[in-house]
Structures are given as structure tokens and as C-alpha cells.
Amino acid sequence: MFINRKFALLITESNTMKYHFNEIEAKWQKYWAENQTFKAENYSDKPKYYVLDMFPYPSGAGLHVGHPLGYIASDIYARYKRHKGFNVLHPQGYDSFGLPAEQYAIQTGQHPAITTAENIKTYRRQLDQIGFSFDWSREVRTSDPSYYKWTQWIFIQLFNSWYNNNSDKAENISELIKIFEAEGNTNVNAECDDDIEAFTVEEWNCYSSEKKQEILLKYRLTYLAETEVNWCPALGTVLANDEIVNGVSERGGHPVIRKKMTQWSMRISAYAERLLQGLETIDWTDSLKESQRNWIGKSVGASVTFNVLPNVTLSAVEGSHKIDVFTTRPDTIFGVSFMTLAPEHELVSKITTPEQKAEVEAYIEATAKRSERDRMADVKTISGAFTGAYAEHPFSKKPIPIWIGDYVLAGYGTGAVMSVPCGDQRDYDFAKHFNIPIPNIFEGVDISEEAFADKDNTIIANSDFLNGLTYKKAVKTAIYELEKLGQGKGKTNYRLRDAVFSRQRYWGEPFPVYYVNGMPQMIDAKHLPIELPEVEKYLPTETGEPPLGNATVWAWCTETNTVVDNDKIDNKTIFPLELNTMPGWAGSSQYFNRYMDPQNDKEIFSQDAINYWQQVDLYIGGSEHATGHLLYSRFWQKFMFDLGLVPYDEFAKKLINQGMILGTSAFVYRINEKPEFFVSGEVFNNYNDSEKRIETLNFIQEFTGLSLESIQLDEIHVDVKYVNASNEIDVPSFRNWMKEFKYEHIKFITTKEEQEKDIVKVNRDVEKMSKSKYNVVNPDQICIDYGADSLRLYEMFLGPLEQYKPWNTAGITGVHSFLKKLWKLYNDDNGLKVTDAAPTKDNLKTLHKTIKKVEEDIENFSFNTSVSTFMIACNELTAQKCTSKQILEPLLVLISPYAPHIAEELWNQLGHDSSISLADFPKFDESHLVESTKNYPISFNGKMRFTMELALDLSKDDIEKAVLANDKTKEQLQGREPKKVIVVPGKIVNIVG
RNA sequence: GCAGGAAUGGCGAAACGGUAAACGCACUCGACUUAGAAUCGAGAAACUGGGAGUUCGAAUCUCUCUUCCUGUACCA
């Protein structure tokens with residue numbers, strides 16, 4: 001196939017009636033672009049439908065065949081919906097801020113905007129050649145100032161908002177100020193920082209402007225705070241939790257350390273409960289919803305306050321200390337036999353006794369040295385230290401020893417736990433290890449081997465007023481009693497942390513923020529966008545500031561409302577601007593709404609547009625965005641809903657995760673000691689076969705002269721483009737592959753059979769598609785060799801959309817020859833052969849069963865089975881020698897969402913002036929499928945033995961009689977009397993006996 | 001550990017509780033050909049990861065075990 005592609009093309013071109021896919025596809029792509037066939041209007045008499053793809057990051061490598069999978073599926077659905085009479089919005093754009101372009105800028109000095117524009121050009125060309133029905137007039141790019149203007153705008157709205165727990169929504173900060181001015185903050189029920197002090201109206205009114213701003217910052221939905229962040233030294237930036245995988249950066253796999261920095265954060269935690277509840281209302285995959293539930297991590301329980309007992313030796317440190325803990329099991333409060341603090345807990349240094357000081361400090365030092373990754377990897381080792389201090393049990397008033405241990409995480413809950421060893425395995429293991437008593441508070445449960453954590457079968461004992469109660473009742477009672485004492489209350493805890501929103505990078509949205517006396521000020525929305533400044537270098541400054549610190553024109557003049565030279569900063573009218581930029585998810589958190597009204601420069605989108613399109617009806621994309629993009633977007637959508645900007649608080653009604661297309665790698669094997677010798681896949685398989693191993697080793701020895709012991713084989717990837725459908729290598733191309741590999745003079749050791757045929761076979765294995773594995777297949781080449789319609793059909797034909805499946809270019813000939821057969825159904829050597837002949841009964845049956853199946857398939861997103869259905873229809877109609885326009889015309893409409901170019905061309909040949917995309921979907925007519933007879937399978941004890949043609953209008957009894965009278969039945973029964981005869985009319989007959 | 005998903009020919013896969021493997025790749029043979037990697041035709045194979053149950057009948061429903069994939073985790 002690879003040897004003489006040109007030759008094949010020449011033959012094709014010599015006959016004008018053949019299927020010239022390259023010409024046809026270019027022609028219709030041009031037609032669609034020129035006629036703006038897929039432009040969607042923001043008003044229509046038709047019902048609306050919004051089909052969205054997760055927009056791509058335009059990387060330098062371009063698309064490989066795995067990328068368009070979801071786009072093809074959504075395009076089929078969008079085209080189908082148009083045939084079904086919907087006004088369809090199907091836009092596309094680019095998530096064009098991001099690290100790779102910036103890393104490239106650091107290396108080469110080329111401005112990321114240039115790199116990005118070039119990459120987008122490649123993407124656009126690649127997308128266009130696949131024939132997508134995108135409305136490109138609505139394209140957005142997140143790095144375009146006219147777009148990020150609105151990203152900045154939302155940031156300002158978040159800054160100007162606080163979360164009122166009473167109304168359970170975001171409200172304008174001015175409302176909060178009114179409350180402060182009227183009654184102070186004691187009655188405010190807001191989602192805010194933990195360290196807020198109570199103040200009265202008088203106190204508020206006396207505060208300086210700075211102090212007021214400082215307080216308000218603690219309430220705002222985006223706020224500046226010193227937080228412990230994930231700092232990645234190699235990338236020179238902080239990372240969000242979802243950007244870290246297994247303790248290293250998702251991009252590049254660099255180590256990440258904890259570091260305190262002043263950063264913008266998003267108060268997404270305010271929306272934790274609504275984000276959780278909202279999942280019930282949307283049709284997303286279970287696994288994705290489950291990921292979000294885990295990430296939000298709701299747990300219901302109680303917070304309990306333990307007083308630290310005063311210690312005589314600590315008289316210098318006055319004041320009573322309290323330890324707050326969160327527990328999901330307040331019912332086990334009498335089982336507490338110690339407390340454990342995270343080593344980083346702020347109280348540790350304050351309560352540790354002089355005798356224990358050395359031990360505790362040594363332990364803290366030891367844990368600090370262990371990286372986050374070590375701590376995660378090693379969960380078995382139990383370690384800790386006793387502080388010497390004791391807390392008082394709230395009910396029994398007994399002293400409880402306070403320990404520190406790294407199994408308690410500083411970042412979750414309060415960083416302290418009440419340890420109940422009989423009810424929690426971690427506490428149990430810790431207690432066993434340090435010989436701490438394990439009191440049993442469960443009725444009739446043995447805890448000599450392990451803790452007992454089964455809530456359902458819990459009866460509490462040895463617990464004063466909780467004795468005899470079940471889990472549920474004991475929890476309620478314990479919380480009630482704790483509240484009475486003022487030492488606890490019911491509490492719901494979420495794992496979801498506020499999201500760090502600052503990045504120390506260049507290629508991202510600048511913040512619309514300047515600083516007056518260190519306090520952040522928003523630039524008025526009417527002066528947006530604040531455009532990225534030019535910088536000399538894209539690296540951090542020498543003083544460690546982010547890249548924007550290199551900009552010389554990066555100060556805000558409050559008089560002219562423009563960005564001016566840094567020299568002019570006087571901190572009176574001209575102030576420094578924020579040096580951080582926004583993270584990757586900023587631009588992608590609202591793009592789906594912006595598509596509805598992308599050129600609007602007065603508003604983020606008009607109310608007319610959003611009320612017309614409302615929300616995304618179908619969203620297709622990868623599952624890797626489960627806890628990043630898809631959670632943040634839901635958060636912003638809920639925020640915009642609170643502001644009254646959008647009609648729904650969920651942006652996407654239905655979401656499908658397309659599976660990944662994997663590569664089919666090809667291997668040969670190199671002899672370790674003599675790298676000029678390669679072994680074919682066949683020989684390698686013999687080598688691994690215990691029966692043939694000796695023989696094979698001798699065989700290899702004959703060629704190489706190596707001793708048997710020294711023969712070792714290394715797996716070598718062969719670029720898949722040098723391997724054909726029968727797994728044979730194109731040897732000359734392989735030799736010339738890459739000069740540095742030095743394959744020119746290698747010798748292949750092959751089996752006798754291979755030698756006879758003069759071939760070398762590879763082994764195949766499925767791996768992720770990647771450059772380093774030489775299994776990447778480029779859609780450009782596929783489009784040249786087989787056409788976009790073949791590519792589209794084949795991607796769908798590979799298997800169910802959601803499933804992971806390997807790509808194997810060899811298989812594409814199947815769908816390609818289907819398209820050629822389809823072409824021949826309409827054309828012969830003399831041109832169009834479609835006639836006005838009346839369709840036969842068989843023709844109609846084939847057409848209508850195809851309509852039924854294809855419609856069902858598309859509605860169920862089962863695109864792979866439709867492709868088979870088309871093949872069957874084409875084969876049947878060819879066999880029936882069908883030329884009837886009444887059949888062949890509607891058939892084209894069925895196929896057009898999948899293979900739009902060939903459908904347009906044939907549609908045009910049939911005499912239509914307008915695009916097939918405007919045609920109505922054919923109506924299914926059941927009457928054509930009604931049969932008079934059925935070929936019944938006749939089973940004996942459930943096993944089918946033969947079939948019998950019987951009329952469908954026979955009664956059960958008639959069928960039974962007819963079957964029992966049959967000779968073959970008698971043969972099967974061999975004289976036995978049937979015990980029972982099951983007749984399901986129209987389906988099956990089963991004889992038991 | 002927890003959660004979600006999966007297991008069917010050599011490969012990708014079909015299959016409302018009712019004829020398992022449709023459709024395609026690969027394979028074998030034949031036809032047309034100077035030639036076939038084009039086209040047309042024919043063919044072979046494999047009984048659903050293991051075990052139990054429900055049923056007249058199970059790939060499909062239930063239980064159980066095994067393996068694999070994905071996500072997540074000292075989350076109190």
C-alpha cells in the first residue's frame with residue numbers, strides 16, 4: 001500500500017466516473033465556507049440545539065487521529081439535528097493561553113502569540129479538511145484581548161461579590177457594606193475566611209479605609225490571601241490541586257513543594273453544596289459525577305472543642321489553649337484515648353512540654369524532610385511523638401494525651417483529630433504501635449484484632465448517656481450534649497479547597513488589578529481589556545517576581561485610565577499593576593456562553609442570546625477534565641446564575657466522554673551484543689515459545705556467531721508508517737528512517753517462511769499514541785490517501801464512542817471500499833444511473849429498516865453500528881440492482897451526517913441546487929417492514945436445531961402443530977414425548993423434553 | 001482500601017431474555033489481469049473470563065470469584 005500510492009491514483013484519475021474523494025471533498029468544503037452553510041442565527045422559528053466540543057489547546061504537534069474522535073461524533077449529531085429541523089449551534093475555538101507556547105518562548109525568544117497563531121493555523125487547516133460543520137463566524141480564542149476582556153470582567157464581578165449563606169447565593173459586596181454600616185458583622189452568615197473578628201457598627205465606622213478593605217477581602221468571592229500553595233520550581237509557578245498528579249506536575253512531571261505565597265484565590269468552597277447537589281440534575285456520566293463528588297468530599301459530623309489542660313511546667317505560656325477537631329463519629333466520643341495533631345499544627349510548639357521538646361522537634365524535622373510524595377507512597381509506617389500535654393475530655397473530664405503524627409493531614413479539617421482507636425483503623429494502628437490504651441465502646445464487638453467501623457451495626461457501650469444507642473441516635477445525642485456544653489456543634493466538612501487563581505507566568509490573562517498601599521483595586525470594567533504587556537524575557541525577574549515584572553510599561557494611571565510606564569509610579573495617581581496572570585482554566589470557564597454572542601463588545605453576551613440558546617444541550621470531551629475545567633465551569637455558571645446573567649445554573653445538560661484512540665505500535669528486536677542484527681517479530685515469538693526456543697537460539701547463533709548465553713533481544717519500535725496491513729515492514733524505508741539510528745546496513749534474521757516470501761514481520765501491541773512510540777497517525781495523510789469521509793466513518797466504525805480502542809490504519813480499507821461501492825450504486829462508467837423507476841418491496845424494506853436503525857443509533861450515540869448498517873444497506877441495494885431515486889435519495893440524507901462530502905456530491909448529481917444539510921431526515925414507515933412469514937428458530941431445550949418458515953398469522957396452537965408434525969422434530973426427539981412446547985409467536989419455538 | 005467501567009474469533013466489534021459472532025480487518029482459495037497492493041466471487045475458524053442461581057430459554061438478570069482499565073485516597 002505504501003509502495004505505490006501514486007500508481008493507484010493515476011488509475012483512478014484515468015476514469016472520470018470514479019469516486020474522486022480529494023476533489024469532491026475540497027469542492028464541498030469550499031462551498032460550505034463560501035455559503036456559510038452552518039452559520040447559526042440567534043433567532044429562529046425552529047427549536048434550538050447546542051452541540052459543543054471541548055475546545056482544543058493548539059499544540060505545536062497538530063492533530064493526530066485520536067483528537068478528532070469527539071469532534072466527529074458531535075458533528076454527526078449536529079448535522080443530524082439540522083436534518084431533524086433544529087436550529088443548531090455548533091461552534092469551535094481555541095483555548096490558546098498555556099504553558100507550551102510560553103516554554104517555547106523562553107527557549108527561543110519567540111513571542112507566544114506568534115507561536116500560538118501559527119499553531120492555530122495548522123489546527124484550522126486540519127479541522128477544515130475533516131469537513132466539520134462548525135460555525136466559524138463564532139470562533140473564540142482565549143488569548144484574544146476581545147475575549148479575555150470578559151474573563152477579566154468576570155473576575156471583577158467575583159471580586160465585587162460575597163456569599164450570603166442565608167439567601168444561599170452570591171450578592172453584591174455593597175449589600176454587605178450596608179449590613180456592616182447598619183449592624184456590624186455579628187449577624188452576617190457568610191462564606192468567608194476563618195479568622196474574622198467580630199465588630200460593631202461603631203467599630204466599623206472607625207476603621208480606616210485600608211482596614212475596611214482588608215476585612216472585605218475576607219468575604220469576597222475572589223480574594224488575596226497568603227496561602228500554602230503547590231510551588232513547582234521547574235515551571236516557576238504555582239499549580240492547582242488538579243494540576244498535580246501523584247505529587248508531581250501534570251505537565252512535565254516536575255516535583256512540587258509546599259510554599260507560602262500571597263495569591264488570588266477563588267472561593268469555590270462557598271459553592272461546594274450546590275456543586276454537589278447540581279450533579280443530580282445533569283445527565284453526565286456516572287464516573288465523572290463520582291469524581292466530582294469525591295473531589296468535593298462532603299462529610300457530615302461535628303466539630304468538637306477540647307481544652308488543653310494547663311501544665312505547671314508551662315506557666316510561662318499563659319492562656320488556655322483549645323483544640324478544635326472535626327469528626328464524622330461524635331457517637332464515639334467516649335472512645336477517645338488520645339488526640340493527634342498534624343506535625344505542622346500551630347499549637348504544637350505552644351503546648352509541648354520541655355521534657356518532650358527534643359523528641360517533638362526531631363519528629364517535625366524528620367517529617368518536613370519527607371516529600372509529599374514519600375508520605376503518600378508510604379502509608380504503612382506508623383510514626384509520631386508525644387507532646388507531653390493533655391487535653392480534657394468534654395464529658396468525662398479525664399486527661400487525654402496529645403500526640404503528633406503525620407497520618408493527620410494539616411490541610412484537611414482542622415489538622416487535628418480525636419483518636420478513637422476502637423472505631424478507626426488508623427487510630428487503632430497508632431495506639432497499638434505506641435501502646436496507648438484502646439477502650440472498647442461497642443456492645444458485643446471484639447476489637448482485639450482490628451477497629452470496628454461498621455456504623456450500621458453499632459450499639460454504643462461504656463459511654464455514659466450514650467449507652468445502648470444506635471449510631472444515628474448516638475450522633476444526635478452527642479451533638480446535642482456538646483452544644484449544651486458549648487464545646488461542639490454539628491458540622492459538615494468539605495474536602496474541596498478554595499482554588500488558587502494566580503500563576504507566575506507570562507502567557508495568561510493579566511489581572512485588572514492595581515495596588516494602592518498594598519491593597520488590591522479593581523480597574524473599572526469600562527477600561528477593559530487590560531492587555532498583556534510586552535516583555536524582554538519570559539522568565540521570572542532576578543528578584544523572583546513573575547515574568548510581568550520584566551515589563552517596563554506596566555503601571556496604572558488613575559487619571560487617564562491607561563497603562564503607563566513603570567517610571568511614572570508615584571503611588572498617588574499612578575500605581576503598580578498586578579504581576580501574576582490567571583490560570584489556564586480561567587478562559588475555559590465561560591467560553592460556552594460567549595459562543596452565543598461572541599462579537600458583543602458591550603456585554604459578555606446579550607440576554608436575548610443567552611435566553612435563546614440557554615445552555616449546552618450536548619457537550620462532548622475527554623474525562624481528564626473531570627475535576628478541573630468541568631468543576632470550575634460549573635462554579636462560574638452558578639455564580640453567573642446568582643447574578644441573574646444566565647437562565648440555568650448548570651451550563652451543560654448532557655455530557656459524553658469520548659474514549660481515547662490508542663496506537664498500535666510495531667516492534668522488531670535487536671540483538672543486544674550485535675546491534676547490526678535484528679530479529680523479526682515471528683522469530684521473537686518462536687524465541688519466547690518454550691518448545692521452539694532452543695531451535696530459535698541455534699538459528700540466531702548461526703547468523704551472529706554469538707554464544708547461546710549472550711543472546712539478548714531488545715524491543716525496538718518501528719514507525720507504523722513503514723508497516724502494512726499484513727504486519728510486513730517496508731525494509732528499504734526502515735533502513736533510511738532516521739540517520740542517527742544507523743539502520744542502513746542492518747541485517748534481519750527471519751523465519752524460513754519469511755525468507756521464502758522475502759518479508760519481515762513485526763509484532764504489534766497497543767499503547768498510548770505518542771511520538772516516542774512511533775505509533776502516531778496523522779489525519780492529514782489519511783485524508784490524502786482515503787479522504788475525510790473515510791476518516792470520519794472509520795473513527796466511528798472502530799467501536800463505541802466512550803470506549804478506549806486501538807487505531808489500526810489497515811482497517812480503513814473496509815470503510816473506504818464501502819464508499820466506493822456506495823458511489824457505484826449511483827454511478828457506472830456512463831455516469832449517473834439513478835432512475836425514476838418505482839422501488840421494489842425489497843428496496844423499500846432495506847431503506848426503511850436502515851432509517852429506523854440509523855435514527856435509533858444516533859439518538860443513542862451508537863455511531864459504530866450505524867456504519868455497519870450503511871454497509872449492509874449498500875450491499876443489499878447493490879444486490880437488488882436498485883436504481884430508484886425514491887430509495888437512493890433518502891439514503892443519502894441518512895449517510896450525510898457521517899460522510900457529508902460524498903453525500904453532497906451525489907445529492908448534487910441528483911439535481912439538487914441546495915446543500916443536503918438542509919434536507920429533511922427521511923420518515924420511517926413501519927408498513928414496509930411488515931412480513932407475512934417468519935423463519936422460526938426451532939429449539940430443543942434451548943438449543944437451536946433448525947429453522948422453519950411459517951406464516952406470522954398462525955395461532956400458537958397452529959404453530960405447535962406444524963412444528964411437531966415436522967420430520968426434523970421427530971428426528972430430534974427420537975421417540976421422546978415433549979414435556980412442554982413454548983411458542984412465542986414471531987420469535988421462537990422451544991421444545992422441552 | 002474505596003468508587004466507576006470492562007472481559008465475546010487472530011484483531012476491532014454486533015446481538016429487545018429468543019437462530020451468538022452481524023459489519024469490517026487479517027487469513028485461505030478462485031476469477032479478471034503482464035501484474036495486484038485494485039475489483040469481483042467463494043471459504044474456514046472460534047460457543048461469550050471461571051463457578052453457581054433464576055428461566056422453557058442467559059453474552060444479556062442475580063450472587064460469587066478472577067483478571068484488566070480509569071479515577072481517587074492516611075479525608076478523621
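Treat the numbers as computed from the prediction; the structure is a model and nothing was measured. The chains referred to below are lettered A, B, ... by the order of the sequence lines, with proteins before strands, and numbering in each begins at 1. Values below: all heavy atoms of this structure, side chains included; hydrogens, waters and symmetry mates excluded.
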Determine the interatomic distance between [atom1] on [N] and the same-named atom on [M]; round to the nearest Å.
N	M	atom1	answer
B:A15	B:A21	P	13 Å
B:U62	B:U72	C1'	29 Å
B:U60	B:G53	P	14 Å
B:U67	B:A26	P	36 Å
B:C23	B:U55	C1'	31 Å
B:G50	B:C11	C1'	24 Å
B:G36	B:U28	P	14 Å
B:G4	B:C65	P	15 Å

Which nucleotide sits closest to the side chain of [X]: [options]?
X	options	result
A:Phe797	B:C74, B:C40, B:G24	B:G24
A:Asp406	B:A3, B:G12, B:C74	B:C74
A:Arg495	B:U39, B:G18, B:A73	B:A73
A:Arg426	B:C56, B:G24, B:C74	B:C74
A:Thr813	B:A26, B:G71, B:C74	B:A26
A:Ser287	B:C23, B:G4, B:C25	B:G4
A:Lys987	B:A76, B:C56, B:G18	B:G18
A:Tyr407	B:A13, B:C74, B:C25	B:C74
A:Leu409	B:G12, B:G18, B:C74	B:C74

Check: Taking for each residue the nucleotide of RNA chain B bearing the nearest heavy atom, is the 5' side occupied by A:Gly814 or by A:Thr865?
Finding: A:Thr865
Checklist line | Toward the 5' end of RNA chain B, by each residue's nearest nucleotide, A:Gly415 or A:Val989 | finding: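 With A:Val989 and A:Gly415 compared, the 5'-side residue is A:Val989.
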Next item on the list: Give a yes or no on whether A:Glu949 atom CD has more than 12 heavy-atom contacts from other residues, nucleotides or ligands under 6.0 Å away.
Entry: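 Buried by this count: over 12 neighbours within 6.0 Å.
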Indicate the ring-plane relationship of [X] and [Y], choosing parallel, tilted or perpendicular according to the 30° and 60° boundaries.
X	Y	value
A:Trp403	A:Phe338	perpendicular
A:Tyr898	A:Phe863	perpendicular
A:Phe430	A:Phe434	tilted

Notebook entry, point to check: So A:Thr751 and A:Glu682, side-chain hydrogen bond (donor to acceptor under 3.5 Å, both in side chains) or not? Walk me through it.
Noted result: CA-CA 7 Å; A:Thr751 60; A:Glu682 299 275 291; 4.9 Å; no
Over how many whole Å does the gap from [X] atom [atom1] to [N] atom [atom2] extend?
X	N	atom1	atom2	answer
A:Asn941	B:G18	CG	C1'	15 Å
A:Asn763	B:C11	CG	P	14 Å
A:Tyr794	B:G12	OH	C1'	7 Å
A:Ile988	B:A20	CD1	C1'	12 Å
A:Leu801	B:A13	CG	P	13 Å
A:Lys805	B:C11	NZ	C1'	15 Å
A:Lys821	B:U39	NZ	C1'	10 Å
A:Glu795	B:G24	CD	P	20 Å

Please classify the nucleic acid contact of [X] as base, sugar-phosphate, or nothing, using heavy-atom distances under 4.0 Å.
X	result
A:Lys820	sugar-phosphate
A:Asp427	nothing
A:Asn864	sugar-phosphate
A:Thr327	sugar-phosphate
A:Ser868	base
A:Gln803	sugar-phosphate
A:Asn990	base
A:Lys298	nothing
A:Val984	base

Do any side-chain atoms of residues 327-335 of chain A form donor-acceptor pairs under 3.5 angstrom with protein atoms, and if so which ones, sequence neighbours left out?
| from | atom 1 | to | atom 2 | distance (Å) |
| --- | --- | --- | --- | --- |
| A:Thr327 | OG1 | A:Arg329 | N | 2.9 |
| A:Arg329 | NE | A:Asp331 | OD1 | 3.1 |
| A:Arg329 | NE | A:Asp331 | OD2 | 3.4 |
| A:Arg329 | NH2 | A:Asp331 | OD2 | 3.0 |
| A:Thr332 | OG1 | A:Arg329 | O | 2.8 |

Item checked: No-H, no-angle donor-acceptor pair, A:Lys943 side chain to B:C47 base, under 3.5 Å ->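 Under the 3.5 Å cut-off, the side chain and the base do not form any donor-acceptor pair.
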Next item on the list: Kindly express the pairing pattern of RNA chain B in dot-bracket notation, using | wherever a base pairs with another strand and counting only Watson-Crick or G-U pairs under 3.5 Å.
Entry: (((((((..(((.....[....))).(((((.......))))).....(((((..]....))))))))))))....
Give a yes/no answer on whether the side chain of [X] brings an N or O atom under 4.0 Å of OP1 or OP2 in [N].
X	N	result
A:Ser299	B:A76	yes
A:Tyr412	B:A76	yes
A:Arg764	B:G10	no
A:Asn727	B:C11	no
A:Lys980	B:C56	yes

Next item on the list: Indicate whether the side chain of A:Asp324 and that of A:Thr414 have a donor and an acceptor atom separated by less than 3.5 Å.
Entry: no
Margin query: Strictly below 4.0 Å, N to O, side chains only: are A:Glu280 and A:Arg293 in salt-bridge contact?
Written below: yes
Margin query: Using a strict threshold of under 4.0 Å (side-chain N to carboxylate O), is an ion pair present between A:Lys845 and A:Glu931?
Written below: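 So A:Glu931 pairs with A:Lys845 through a salt bridge.
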Item checked: A:Glu767 (side chain) donor-acceptor with A:Gly663 (main chain) under 3.5 angstrom -> no
Notebook entry, point to check: With respect to A:Arg764, which candidate in A:Thr664, A:Asn727, A:Asn775 satisfies the side chain to side chain donor-acceptor pair (under 3.5 Å) definition?
Noted result: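 Testing each of A:Thr664, A:Asn727, A:Asn775 against A:Arg764, the sole residue satisfying side chain to side chain donor-acceptor pair (under 3.5 Å) is A:Asn727.
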